[in-house]
Amino acid sequence: MGYMHKVFLSGKGVYGCSSCETHLAKRDDITSRHYTGQYGRAVLLSNVVNVIYGEEEKRAMTTGVHIVRDISCMGCKKYVGWTYIKAYVPEQRFKEGQFILEREIIHDVSRDWDY
Amino acid sequence: MTLSLDVSSPPTNSEIQGEDMIATTSNSGAGATDSNRLQALSSPTNGSNSNNGTSPSDARSVGLADTNSLKRYPGLAQEARRTCLRDSQFPEEQVVRLILQELRDRGFADTFEQLQKESGYTLEDEAIAQFRNSVLAGRWTEVEKAISSITIGIGSKKTKQAALFIIKRQQFLELLEARKLKQALLILQNELSTLTDDIPQLHRLSSLLMCPSPAELHTAADWDGSNGRSRFIVLESLQKYIPPGKMVPIHRMETLYSQAITQQCSTCEHHVCSPENNLYIDHKCPQPIFPPELQISLEGHSDEVWYVAFSPDGQYLASASRDKTCIIWSIADYSIVGRLEGHEGEVSYLAWSPSGKYIVSASSDKTLRLWDVETGETLQTFTGHTETVASCRWLGDNDRFISGGMDQKIIVWNTKGYMLKQIASPRVHDIAVSVDCSLLLVADDKSSVHMYDLATLTLIDKLEEPAVIMSLTLSSDARYCITELRNGELHMWDLESRARVREFTGHIQGNYVIRCAFAGYDDLFVAAGSEDGQLFVWNRNTGRLLTRLKGHTKTINGCSWSSKAAALATASDDKTISIWPAYHGAPSDMADTEKHTANTATSSMSSSSSFVPAAGPSDDDQSMSAAV
Ligand SMILES: [Zn+2]
């Protein structure tokens with residue numbers, strides 16, 4: 001994988017890791033709030049930063065079978081969500097290349113969470 | 001000095017000088033010793049014996065010289081010119097006089113005389129010879145007289161003054177050395193002061209009057225005394241004012257040879273090794289550079305290796321890894337000589353102290369650690385950064401280093417653990433410091449390189465890139481800087497003109513930091529890793545890709561070059577480090593090959609290969625696998 005420079009997001013609506021505050025995503029990049037993760041509510045995002053990737057795996061979800069990779073926080077290495085590599089159901093293809101962040105594991109580090 | 005002393009022939013001249021001087025001096029009698037060659041050289045009549053003695057067996061001298069008239073045999077000379085020299089663009093007089101100078105300098109006295117007579121050219125006329133001897137014998141009044149006479153050929157009043165200054169300065173120093181302070185002072189006041197407007201120079205000279213001993217004078221004046229090489233150096237500087245036609249510039253052939261080799265090196269695109277000063281063939285570095293069969297793989301880390309650096313003496317290699325440790329490897333046997341354990345986060349960067357005794361490492365645990373290379377122990381842990389430490393560099397000595405972090409801080413530390421200075425900065429992706437510590441470069445987390453004067457920490461300039469800068473690399477002479485960008489581009493800047501002068505392409509790079517290196521002789525190459533596991537090596541001046549080293553299975557994150565080890569090292573995500581020795585010294589290797597072939601010619605006639613290892617094929621296989 002290699003060494004990555006930690007990215008610092010600026011402006012309002014920045015999501016960070018709840019255990020180490022490493023920035024993970026911008027609220028503006030949310031494409032849907034109607035998702036459910038392993039720990040409850042989750043959001044779908046078009047872009048995230050400072051994450052490291054797990055191995056690819058095939059996973060059966062309520063919307064069909066997908067190939068996904070878990071993502072974890074670069075700072076503390078804790079699991080934060082996953083990313084879609086491939087969706088087998090054609091209607092779900094839009095999720096390919098997008099990310100899920102678990103709502104329970106992230107919080108707004110810019111402190112103006114209006115969710 | 002390589003004079004062979006012939007004990008049986010006694011010194012012919014009472015005016016014996018130091019041997020050093022003799023080797024390069026006179027064709028008159030001033031400095032003869034008991035060397036056969038020089039003795040003959042010093043007295044022109046000596047040479048005539050051998051000259052006239054055209055024994056029938058000596059076909060060459062019979063053929064080339066008309067022994068009675070001492071003129072050249074015209075028929076042969078013309079013939080020779082037709083067959084060999086028809087393309088020579090250089091005047092014969094110059095060529096012959098250069099040969100004469102070389103013969104004299106190397107002490108071939110008989111041949112020297114012979115050639116003067118045979119060609120009709122002389123190296124130097126009587127006046128010049130006398131002038132030379134006067135300088136080397138320190139007869140300054142004579143030298144002064146010669147300078148003003150027309151025969152030496154120094155032109156304008158101004159150049160005469162400059163020449164006179166050199167002479168008077170030497171005289172002044174020699175008087176000081178002999179403790180004749182009064183006379184020295186007179187020269188300084190009455191003569192030197194009228195010859196120059198360089199007041200600081202005069203001040204420096206007058207301060208030398210205070211030197212209590214010759215030894216201290218030598219050091220203070222950077223001058224090695226009347227018995228050293230100083231008079232020779234004076235002669236060399238005076239020669240600049242004498243027309244070259246009168247006095248052939250010192251070691252002229254040697255100068256031309258060196259220029260030829262320099263020129264050959266500058267056109268050698270794969271220039272990786274220092275030239276061998278072989279005059280027979282044009283210099284060309286052998287290919288391939290970094291032959292793949294010489295690759296050595298080092299295993300010891302349990303996770304990705306992110307950075308690697310040779311020690312200043314080239315005997316050790318240090319690697320930094322995601323496994324939170326650094327390892328010190330011996331280049332002699334590729335063994336692990338130390339494991340640096342203690343960081344609580346990944347180690348992304350390390351730097352050897354100039355002495356090679358310490359390593360400082362930077363980690364995502366927000367600390368730096370100072371390690372004793374010998375014991376592998378942590379000497380200090382430096383806390384002060386509140387975010388990942390991105391980079392650290394030593395500041396010239398072995399006492400201080402500088403670090404930059406993602407926390408918008410640049411900190412100067414000393415090895416005792418104290419924070420000497422803290423500077424507010426942008427978030428730091430990388431920093432670089434010139435060897436002389438005058439220049440500090442900081443790459444921020446956007447797309448700018450900030451150039452600071454390190455002494456005053458004032459911003460000199462900003463270099464703008466089109467994308468986020470991932471890493472910075474400075475050439476040893478601090479002239480060039482390489483920026484590696486998130487968009488995959490790799491740029492070289494000329495810091496003198498502050499312009500982007502080159503782009504290197506071919507490698508693959510995205511979100512991860514890849515640190516490149518200058519490599520090869522005189523930093524002629526640029527080496528950078530790639531996410532396809534290859535190391536790319538380009539020519540710095542042409543931008544041409546010279547080679548791709550394949551040997552890692554995953555991204556190469558960092559690389560390092562050592563001239564002393566004559567090798568590149570690479571650090572990879574595949575958890576290994578590779579060492580890539582540069583192919584070194586082709587002509588001598590070829591000679592070895594020939595030797596091997598000769599040695600084993602009888603025992604292995606069946607082999608058709610021109611390279612036959614001395615110990616037979618089976619041993620060769622073994623050594624090959626050991627090397628890989
Ligand atoms: Zn975290």
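Letters A, B, ... mirror the listed sequences (proteins, then strands); counts begin at 1.
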Euclidean distance, Met74(A) CE relative to Glu346(B) CD, rounded to 0.5 Å: 7.5 Å
CZ (Arg548(B)) with more than 12 external heavy atoms under 6.0 Å: no
Chain A contact via Glu531(B) - which portion, at a heavy-atom distance below 4.5 Å: neither
Portion of Ser364(B) that has a non-hydrogen atom of chain A nearer than 4.5 angstrom: neither
Neighbour count above 12 (heavy atom, 6.0 Å) for Glu344(B) CD: no
Among Glu304(B), Arg515(B), Met470(B), the one residue meeting side chain to side chain contact (heavy atoms under 4.5 Å, CB included) with Tyr3(A): Arg515(B)
Backbone of Val513(B) reached by a side-chain donor or acceptor of His5(A) within 3.5 Å: no
Residues, nucleotides or ligands: over 12 heavy atoms within 6.0 Å of Lys77(A) NZ: yes
Most chain A-contacting option - heavy-atom pairs closer than 4.5 Å, from His429(B), Met406(B), Arg322(B): His429(B)
Heavy-atom neighbours of Lys324(B) NZ exceed 12 at 6.0 Å: no
Greater than 12 external heavy atoms within 6.0 Å of Lys6(A)'s NZ: yes
